[in-house]
Amino acid sequence: MFHLTCIHCGQKYGSDEIIYTCRSCGHLLEVQYDLDAVKTSCETWQTRPLSVWRYKELLPVKGNPITLQEGGTPLYHLKRIGAELGMTHLYAKHEGMNPSGSFKDRGMTVGVSMALELGMKSVACASTGNTSASLAVYGAKAGIPAIVLLPAGKVALGKVAQALMHGAKVISIQGNFDRALELVRDLCENQGIYLLNSVNPYRLEGQKTIGFEIIDQLGYVPDRIVLPVGNAGNISAIYKGLHELTALGVIDKMPKMTGVQSKGAQPVVQAIEKNLPEVVPEENPETIATVIRIGAPVNAEKVLTAIRDTQGTAIAVTDEEILAMQRDLAQKEGIGVEPASAASVAGLKKLVQAGIVDKDEHVVCVVTGHLLKDPETIINQCAPPISCEATLPSLLHALDS
Ligand SMILES: *Cc1c(COP(=O)(O)O)cnc(C)c1O
Ligand SMILES: [Zn+2]
């Protein structure tokens, strides 16, 4: 049992309504459950496999979901990177291990399932890449058309490949992500298509399960959870989920929610640093980490609450710091992630070095997407393979060079 509530004016909407923002004030909505009814089921969660659907009583889907077994991703102890920072309790939750290679699948299994329960016949999104890949996958699984709008020339190769292969209608917009999102919102309203950007409150419900899994995997609540922040849906979702666990009495403290952005696209960091009442959009966001190349975060009002309410923080890192950490994760820990994902660990490193985060803290960095999502960025940074004649002497010579 649930309804939707406007986070600004408190207006309530029924679970059968097709609505993304408040009709009275235009602000964001969130899903609210009757937590008393959920209380008893929390104990049964431990008997189910680790996945999004382990926590189904705290999700809005009533019937059988459209699922490809999302979630249940590994939590790795970062021994070498942790040691370099003087930390013994540094972990990475590898969300690149989801079906389409990013955490977006957690949101899409719930969002596409809800689209069907609401009687919608097609789904759409604007995307910096991973949302489109995930929507294409879940549209295919559900057997309904998926439309994705991409900012022209700004989407990593692996993600476009996924969207095309899984059969979405892929449209390249001559404009940036923020413009593509405005357009797709108009399109959905105009054509009765279901919108699955992170303005959609049901998508965030799926994504909050990252926080649940972290606590189940560690067996306790970490001091801090660190994430890359683009539209700020994920950090807000994890906060909301853990808030619900607090209300249910499952956990007794909140981790400090910590957001990392790129120097070239850091509206949330600016709002936190300057203690602004709201996020001021940036006109021309720019970063190599294309998924967080966002100037006007959709979930701006939710993220400030998530960070401030938990005494968390936000920090910006340079593209060079992001790429260096992408290499460190790959070469020192065996964890392959796309650039934005490395931003969480790069930001944490900076916070520890600045003395803002204590070395004794138990910290989980969410690494959000798989290395193969963006092969071009990687190839451009690495030396090419060493060319060699097919003889042993040549091979030995090549190995020496
Ligand atoms: C979408 C995405 C992000 C940003 O998440 P938001 O919810 O938009 O803040 C970060 N990393 C990856 C890999 C993503 O796909
Ligand atoms: Zn409202």
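Given the structure is predicted, the values throughout are model-derived calculations rather than measurements. Whatever order the structure lists ligands and atoms in, that order sets their numbers, starting from 1.
By the 30° and 60° cut-offs, the orientation of the rings of Phe212 relative to Tyr55 is perpendicular. The aromatic rings of Tyr220 and His362 sit perpendicular, their planes meeting at an angle over 60°, well past the 30° parallel limit.
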Take Thr73 and Glu95, measure what side-chain hydrogen bond (donor to acceptor under 3.5 Å, both in side chains) needs, and give me the verdict at the end.
CA-CA 6 Å; Thr73 55; Glu95 287 294 300; 2.6 Å; yes

Would you check, one step at a time, whether the test side-chain hydrogen bond (donor to acceptor under 3.5 Å, both in side chains) holds for Tyr138 with Glu70?
CA-CA 11 Å; Tyr138 285 85; Glu70 42 295 309; 2.5 Å; yes

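Exactly one residue among Glu205, Gln207, Glu30 makes a side chain to side chain donor-acceptor pair (under 3.5 Å) with Lys240. That residue is Glu205. When each of Arg48, Arg54, Arg106 is paired with Glu213, the salt bridge (Lys or Arg N to Asp or Glu O under 4.0 Å) condition holds for Arg106 and for no other. Screening Gln381, Glu338, Glu321, Gln331 for a side chain to side chain donor-acceptor pair (under 3.5 Å) involving Gln326 leaves a single residue, Gln381.
Judged purely by distance below 3.5 Å, without hydrogens or angles, the side chains of Thr377 and Asp374 pair a donor atom with an acceptor atom.
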Show me the short polar-atom pairs for ligand 1: any N or O of it lying under 3.5 Å from a protein N or O, with distances only.
unit_1, atom_1, unit_2, atom_2, d
ligand 1, 7 (O), Gly233, N, 3.1
ligand 1, 7 (O), Asn234, N, 2.8
ligand 1, 8 (O), Asn231, N, 2.8
ligand 1, 9 (O), Gly230, N, 2.8
ligand 1, 9 (O), Asn231, N, 3.3
ligand 1, 9 (O), Ala232, N, 2.8
ligand 1, 11 (N), Thr368, OG1, 2.7
ligand 1, 15 (O), Lys104, NZ, 2.6
ligand 1, 15 (O), Asn130, ND2, 2.7

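Proximity of a side-chain donor or acceptor of Asn98 to a complementary backbone N or O of Ser100 within less than 3.5 Å is not detected.
Note on the Zn ion (ligand 2): protein N/O/S atoms under 2.8 Å are Cys6 SG, Cys9 SG, Cys22 SG, Cys25 SG.
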